[in-house]
Amino acid sequence: MSGPSGDTQSRGTWRGEDPPPAIPRPGPLGWLLVALRGTGIVLVLVLGVLLILPIRGVERLFAGACRPVTGPHVQIVCRVCLWIMGLKWRCEGRPMRGPGAIVANHSSWLDIFVLNAALPVFFVSKAEVAGWPGINVLTRVTDTHFVARDPKLARAQAEEFAERTRAGHRLLFFPEGTSSDGRRVLPFKPTLFQGFLDPALPGGLAIQPMSAAYRAPKGRDPRFYGWWGDMDLGPHLLAVLAQYPQGSVTVRLHAPIPVAGETRKTLAARAEAEIRAGFDAG
């Protein structure tokens, strides 16, 4: 998980006060939905990957490091996957203009599809994810920005962040540092926001907060879509694909926060307040 944490100090995984609910096992209809939805999503992802490679080549010729086409392409692919999954999805607000980054709350592996469907973004992930089988292909193709927790690499990573921001990439960060049960927003870590204060970044930089609030299907545990702690991905993924009818998720794009004149603590506090307000609105 891009953030869940077991013991909070050592591994950064959030466990919460109560243990995760038992993941429902698919019944006969559920397995049929898993087969149909899973096949459809895999086909869409494979086709999306095959198309993105030649598109990327054309982009390099005419737009350099910018991603004017592949970003919206990934956005469309994710919207189609959500439609196949049956998850009701709604987006409020408008994407920011000008140089900047996105920060959002983190509840589930579903965030990959849900947040990408809202606007073209490039996720920031821990370096270990680059080696996960299957996932590593998708992250490379979609230009995920990997970071390593090594002070020796801090300067080089800051320069890469600045370069991508100047190219117009919308990097998306999870300031909670972990995923939750989908029923709350965890405290933001101000240290992450230090990177937004680097003088190498473009002038006029802003951060746009984005909140995602999931609603469980009727009759399910309110934490149904949350993926955290030591929950295994496979059973949770199967439970979501087997669910009928599905619940819903609302994404809200909040007003951008200009970085000028802020500190990492004030940026974290303002972004957290906006995301909490959007999340609590349901």
Side-chain angles (χ1 to χ4, degrees), residues 1-8 11-42 78-79 81-92 104-118 123 129 132 135 174-188 210-252 272 275-282:
M1 308 176 204
S2 71
S5 82
D7 83 74
T8 310
R11 293 191 297 165
T13 300
W14 181 81
R15 292 188 181 278
E17 302 84 7
D18 301 316
I23 298 176
R25 300 181 64 178
L29 174 61
W31 282 115
L32 177 61
L33 289 173
V34 168
L36 293 175
R37 290 170 171 171
T39 301
I41 290 171
V42 168
C78 288
R79 289 186 177 186
C81 288
L82 289 174
W83 177 78
I84 293 173
M85 200 179 301
L87 184 64
K88 302 174 186 67
W89 176 88
R90 182 164 59 103
C91 183
E92 301 175 358
N105 62 297
H106 188 21
S107 301
S108 172
W109 55 268
L110 282 164
D111 292 339
I112 297 172
F113 296 100
V114 169
L115 302 183
N116 254 319
F123 284 85
V129 176
W132 291 4
I135 299 295
F174 293 121
E176 295 161 296
T178 184
S179 60
S180 72
D181 59 4
R183 300 293 293 167
R184 70 200 74 213
V185 175
L186 302 176
F188 282 13
M210 177 164 58
S211 57
Y214 291 86
R215 286 189 177 181
K218 185 177 181 180
R220 292 295 189 191
D221 188 292
R223 303 169 292 173
F224 178 75
Y225 290 117
W227 183 56
W228 80 101
D230 294 325
M231 295 175 71
D232 292 327
L233 175 60
H236 192 264
L237 188 150
L238 290 176
V240 172
L241 290 179
Q243 176 60 38
Y244 180 84
Q246 289 280 16
S248 64
V249 59
T250 300
V251 178
R252 293 184 174 89
E272 182 177 342
I275 290 174
R276 282 188 184 279
F279 181 87
D280 291 340

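Starting from 1, each residue takes its place in the sequence as its number. Quantities reported herein were computed from a predicted structural model and do not represent experimental measurements. All values below come from the heavy atoms of this structure, side chains included, with hydrogens, waters and symmetry mates left out.
Shortest non-hydrogen contact noted between Glu272 and Pro187 is OE2-CA, 3.8 Å. The heavy-atom pair separating Ile23 from Asp232 by the smallest distance is CD1-O, 4.4 Å. Scanning all heavy atoms of the two residues, the minimum distance from Ala118 to Cys91 falls at CB-SG, 3.9 Å. What you find for Cys78 and Asn116 is that their closest heavy atoms are SG-CB, 3.4 Å.
The backbone N or O of Ser248 lies less than 3.5 Å from no partner atom in the side chain of Gln246, so there is not a single donor-acceptor pair. At distances below 3.5 Å, at least one donor-acceptor pair connects side-chain atoms of Arg79 with backbone N or O atoms of Ala117. Judged by distance alone, the side chain of His106 and the main-chain N or O of Leu186 form no donor-acceptor pair under 3.5 Å. The closest donor-acceptor contact from the side chain of Trp228 to the backbone of Arg15 lies under 3.5 Å. For the pair Glu176 (side chain) and Ser107 (backbone), a donor-acceptor distance under 3.5 Å is absent.
For the pair Arg220/Pro24, a side-chain contact is recorded, criterion being any heavy-atom separation below 4.5 Å from C-beta on. Counting heavy atoms from C-beta on, the side chains of Ser179 and Phe174 never come closer than 4.5 Å.
Atom CZ of residue Arg37 and atom CE of residue Met85 lie 8.5 Å apart, to the nearest 0.5 angstrom. Here the CZ-NE2 distance, from Phe224 to His236, works out to 6.5 Å after rounding to the nearest 0.5 Å. Here CZ of Phe279 is found 14.5 Å from CE of Met210. Values are rounded to the nearest 0.5 Å. Atom CG of Asp111 sits about 10.5 Å away from atom CH2 of Trp227, to the nearest 0.5 Å.
In this view, Thr39 and Leu43 satisfy the side chain to side chain contact (heavy atoms under 4.5 Å, CB included) rule, not counting sequence neighbours. Annotation: side chain to side chain donor-acceptor pair (under 3.5 Å) contacts of Ser108 (sequence neighbours excluded): none. Here Trp89 pairs with nothing under the side chain to side chain donor-acceptor pair (under 3.5 Å) rule; sequence neighbours left out. Shown here are the ring pair (Phe, Tyr, Trp, His ring centres under 6.0 Å) partners of Tyr214, two or more places apart in sequence or in another chain: Tyr225. Applying the side chain to side chain contact (heavy atoms under 4.5 Å, CB included) criterion to Trp31, with sequence neighbours excluded, gives Pro26, Val34, Leu238.
Between Asp221 and Arg223 there is a salt bridge, since a side-chain N of the basic residue sits under 4.0 Å from a carboxylate O of the acidic one.
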With side-chain contact (heavy atoms from CB on, under 4.5 Å) as the test, would you mind laying out the steps for Phe123 and Leu115 before giving the verdict?
CA-CA 9 Å; Phe123 284 85; Leu115 302 183; 4.1 Å; yes
Let me see the working for Phe113 and Leu87 under side-chain contact (heavy atoms from CB on, under 4.5 Å), right down to the final yes or no.
CA-CA 11 Å; Phe113 296 100; Leu87 184 64; over 6 Å; no
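In Arg215, the CZ atom is not crowded: 12 or fewer heavy atoms of neighbouring residues, nucleotides or ligands sit closer than 6.0 Å.
With respect to Leu241, the side-chain contact (heavy atoms from CB on, under 4.5 Å) criterion is satisfied by exactly one of Ile41, Ile84, Leu33: Ile41.
For the salt bridge (Lys or Arg N to Asp or Glu O under 4.0 Å) condition, the pairs that include at least one residue of residues 16-26, sequence neighbours left out, are Glu17-Arg184.
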